[in-house]
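Order of appearance sets the numbers: ligands from 1, and atoms from 1 within every ligand. Position 1 is the first residue of the sequence, and the numbers go up from there. Owing to the predicted nature of the structure, the values given are computational and were not obtained by experimental measurement.
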Amino acid sequence: MIEVKNLSKRYGQNVALNNINFSVEKGTIVGFLGPNGAGKSTTMNIITGYLSASSGSVTVGGYNTLDNPNEVKKLIGYLPELPPLYPDMTVKEYLNFLFDLKKVTLPRKKHLEQICALTEITDVYDRLINNLSKGYKQRVGLAQALLGNPPVLILDEPTVGLDPKQIIEIRNLIHNLGKNHTIILSSHILPEIQAVCERIIIINRGKLVADGTPDSLSRSLSEDNRITVRMEGGEAEVSKALRGMKDIVSVQTLGEKEPGVFEYSVEACENCDPRRDLFRLAAKNNWPILEMKNAGLSLEDVFLRLTASAYIEDNTGKETEKEDEEA
Ligand code: ADP
Ligand code: MG
């Protein structure tokens, strides 16, 4: 449904996007995850045709955004980072205004009723947008994106600034919309993305650094050669024996976790799986293994690891290009 090929974007000297490639199948919900300034909004603005790329191409439903911008816009409902709301219109006036602007051909009354029911804004239909809470404003923004029933929805940080209850409501709404739409949504918060997306694309400093299901991402980066093991037995003896095992690179004692039971972090050389040798060693010495697990990474670890360079460089103040976005 969406094909992004070799996409790059420069703002003057600043490279905001560096050769991004991905495609999105019809009917999936894809999460765009990355720290602030990663390039999420830039990518979304290019996909929706509101910004031009420096190089590369985007097609939506087979239409190239450059050659057929109007066709592409018809296929996409877009909720930008700052929804384009007119505060001195009522919700009704605003949605009717955009209905005309977008030249929607569906039966007006029925379509607007459906959208309002879906986004749960029917009870504020006659109120001024200016007087609505942030959560309601966001839902009016979503309603605007749904006008004309476009098959693709692009939602830029749809839950930013909402309280936890509103976040859950918007999340559920997006989840439901996902049944009939292809959705890309962005966030800098992992749990946000994890809760609704089948696939996660992580971008950092303009580069795509990971792309996969939440499970596959944490699996691909977890390491079989690092094991945490809890064994009953004298710490000195056990750690000495562990160090003496074949292919072991390092052993660290993590402390006494139960009386007489210590936990150890054991790292074997790359591509070595020490679990079977650990079992044999423990059995031979009668040191019961009470727990053994792969020191695998959670998705949170994966995200932090993949995007760590941005934070480290920020903290040292070496990077000056990442000023607050003004957008
Ligand atoms: P995100 O949405 O992931 O927070 P953006 O796409 O907004 O990131 O920004 C990516 C990079 O491009 C940042 O370094 C940002 O400062 C820069 N940038 C964004 N918009 C502009 C602009 N209009 N002019 C110059 N630089 C910009
Ligand atoms: Mg952004």
Side-chain angles (χ1 to χ4, degrees), residues 2 4-22 24 29-58 65 76-85 134 137-138 141-142 144-145 152-162 167 170-171 174 183-194 196-197 199-211 217 299-300 302-327:
I2 302 172
V4 172
K5 281 201 190 126
N6 305 325
L7 194 65
S8 293
K9 175 72 184 177
R10 281 183 306 277
Y11 293 108
Q13 293 286 64
N14 184 6
V15 179
L17 293 181
N18 189 349
N19 202 30
I20 299 268
N21 285 283
F22 65 89
V24 178
I29 307 186
V30 173
F32 234 50
L33 182 66
N36 286 326
K40 304 180 295 294
S41 298
T42 302
T43 309
M44 292 179 145
N45 276 320
I46 295 173
I47 295 174
T48 50
Y50 288 90
L51 196 65
S52 61
S54 303
S55 58
S57 70
V58 176
T65 46
I76 297 180
Y78 184 28
L79 177 67
E81 209 160 13
L82 301 167
L85 300 175
K134 174 92 186 157
K137 281 185 182 141
Q138 199 68 355
L142 263 172
Q144 153 295 121
V152 178
L153 295 176
I154 307 249
L155 312 174
D156 197 353
E157 309 245 6
T159 58
V160 84
L162 302 185
I167 289 178
I170 294 281
R171 232 186 233 171
I174 293 171
I183 302 180
I184 301 184
L185 95 143
S186 74
S187 175
H188 59 286
I189 304 163
L190 172 68
E192 256 332 296
I193 294 278
Q194 214 172 348
V196 281
C197 298
R199 178 169 152 218
I200 301 181
I201 292 175
I202 302 180
I203 64 170
N204 189 36
R205 324 189 96 227
K207 285 193 181 148
L208 196 157
V209 291
D211 181 351
L217 287 183
L299 198 52
E300 179 102 39
V302 173
F303 177 49
L304 288 175
R305 194 174 271 208
L306 288 171
T307 55
S309 65
Y311 295 118
I312 293 163
E313 284 167 42
D314 277 356
N315 291 342
T316 59
K318 263 192 297 194
E319 295 292 314
T320 50
E321 79 203 47
K322 292 192 66 197
E323 78 280 358
D324 287 342
E325 296 93 271
E326 279 141 44

pair [X]-[Y]: side-chain heavy atoms closer than 4.5 Å:
X      : Y      : answer
Asn21  : Leu208 : no
Ile189 : Thr159 : no
Met44  : Ser186 : yes
Ile29  : Leu185 : yes

Heavy-atom contacts under 4.0 Å between Ile203 and ligand 1: side chain, backbone, both, or neither?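 Neither; nothing of Ile203 gets under 4.0 Å from ligand 1.
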Met44 backbone or side-chain N/O/S under 2.8 Å from the Mg ion (ligand 2):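 Within the cut-off used here (under 2.8 Å), Met44 places no N, O or S atom near the Mg ion (ligand 2).
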The Mg ion (ligand 2) reached by Glu81 (N, O or S, under 2.8 Å):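 Yes - counting backbone and side chain alike, Glu81 has an N, O or S atom under 2.8 Å.
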Within-cut-off N or O pair, [X] and ligand 1, under 3.5 Å:
X     : answer
Ala16 : no
Thr43 : no
Lys40 : yes

Looking at [X], which atoms of ligand 1 are within less than 4.0 Å of one of its heavy atoms?
X     : result
Asn36 : 4 (O)
Thr42 : 5 (P), 6 (O), 9 (O), 10 (C)
Asn14 : 14 (O), 17 (C)
Ser41 : 1 (P), 2 (O), 6 (O), 7 (O)

Using 4.0 Å as the upper bound for N to carboxylate O, is an ion pair formed by Asp156 and Lys40? no
So for Gly39, does at least one of its heavy atoms come nearer than 4.0 angstrom to any atom of ligand 1?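 For ligand 1, residue contact (heavy atoms, under 4.0 Å) with Gly39 is present.
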Under 3.5 Å donor-acceptor, Gln144 side chain and Leu79 backbone: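 Judged by distance alone, no pair lies under 3.5 Å.
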